[in-house]
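For reference, the structure discussed in these notes is given below.
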Amino acid sequence: MIIASQEGTVPEGICETNCVHPEAVAEARAALPDRRDVETASAFLKLVADPTRLRLLSALNTRELCVCDLAAVVGLSESAVSHQLRLLRAGRVVAFRKAGRVAYYRLLDHHVTTLIESALDHARE
């Protein structure tokens with residue numbers, strides 16, 4: 001939507017005048033995380049943003065599951081699930097343990113659990 005102002009036509013949501021607030025800018029800059037943390041967090045969010053992986057993580061949010069169980073829950077082949085789990089393991093999102101010949105997966109920690117629950121709660125609003 002375009003709004004009219006004394007200075008001309010300005011798109012909605014854009015400042016109609018250039019008005020940098022130095023104190024606000026300084027406070028926001030001081031609160032920025034370092035570049036490496038931003039890149040790591042961004043990679044993590046991209047990893048969990050994939051719909052297939054989010055479904056796997058949602059299933060793991062209920063309990064520890066083996067690869068076969070996960071494949072049955074999300075309706076994919078065990079090979080496809082294993083591939084996704086390898087990516088999630090490399091990204092430190094899930095962990096696994098072996099019990100004989102069976103590999104059981106779980107969410108790595110409460111940060112992952114909180115993120116999954118928050119994202120899905122937000123989607124339901």
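Index from 1, following the sequence. Scope of the values below: all heavy atoms of this structure, side chains included, with no hydrogens, waters or symmetry mates.
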Q: Show your reasoning for whether side-chain contact (heavy atoms from CB on, under 4.5 Å) applies to Arg106 and Leu60.
A: CA-CA 6 Å; Arg106 70 183 187 299; Leu60 291 172; 5.6 Å; no

Q.
How close do Ala59 and Leu65 get, counting heavy atoms only, and between which atoms?
A. O-CD1, 3.7 Å

Q: For Glu64, check salt bridge (charged side-chain N to carboxylate O under 4.0 Å, His left out) against everything at least two apart and list the hits.
A: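 Partners of Glu64 by the salt bridge (charged side-chain N to carboxylate O under 4.0 Å, His left out) criterion, ordered by chain and then number, come out as Arg97.
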
[atom1] of [X] to [atom2] of [Y]: how many Å apart, nearest 0.5 Å?
{"X": "Leu107", "Y": "Ser58", "atom1": "CG", "atom2": "OG", "result": "9.0 Å"}
{"X": "Cys66", "Y": "Lys98", "atom1": "SG", "atom2": "NZ", "result": "11.0 Å"}
{"X": "Asp109", "Y": "Arg92", "atom1": "CG", "atom2": "CZ", "result": "8.0 Å"}
{"X": "Gln84", "Y": "Arg86", "atom1": "CD", "atom2": "CZ", "result": "9.5 Å"}
{"X": "Leu57", "Y": "Leu47", "atom1": "CG", "atom2": "CG", "result": "8.0 Å"}
{"X": "Asp37", "Y": "Ser42", "atom1": "CG", "atom2": "OG", "result": "12.0 Å"}

Q: Could you walk me through whether Val20 and Asn18 pass the side-chain contact (heavy atoms from CB on, under 4.5 Å) test, one step at a time?
A: CA-CA 6 Å; Val20 174; Asn18 188 347; 3.7 Å; yes

**Q.** Candidate pair Leu108 and Val93, rule side-chain contact (heavy atoms from CB on, under 4.5 Å), full reasoning
**A.** CA-CA 5 Å; Leu108 185 65; Val93 179; 5.8 Å; no

Q: Could you tell me whether the side chain of Thr40 and the main chain of Arg36 form a donor-acceptor pair under 3.5 Å?
A: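 Flag set: sc Thr40 to bb Arg36 pair under 3.5 Å.
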
Q: Report whether Leu70 and Val102 are members of the same hydrophobic cluster (ILVMFWY, side-chain heavy atoms less than 4.5 Å apart, transitive linking).
A: no

Pairs of donor and acceptor atoms involving the side chains of residues 115-125, under 3.5 Å and at least two apart or interchain, shall be tabulated with distances.
| from | atom 1 | to | atom 2 | distance (Å) |
| --- | --- | --- | --- | --- |
| Glu117 | OE2 | Asn61 | ND2 | 3.3 |
| Ser118 | OG | Thr114 | O | 2.9 |
| Asp121 | OD1 | Arg124 | NH1 | 3.2 |

Q: Any ring pair (Phe, Tyr, Trp, His ring centres under 6.0 Å) involving residues 51-106? Give me the pairs, sequence neighbours left out, ordered by first then second residue.
A: Phe96-Tyr105

Q) So, do Arg53 and Val48 sit near enough that their side-chain heavy atoms are less than 4.5 Å apart? A) no

Q: Count the heavy atoms belonging to other residues, nucleotides or ligands that lie under 6.0 Å from CZ of Arg89, then report whether that count exceeds 12.
A: yes

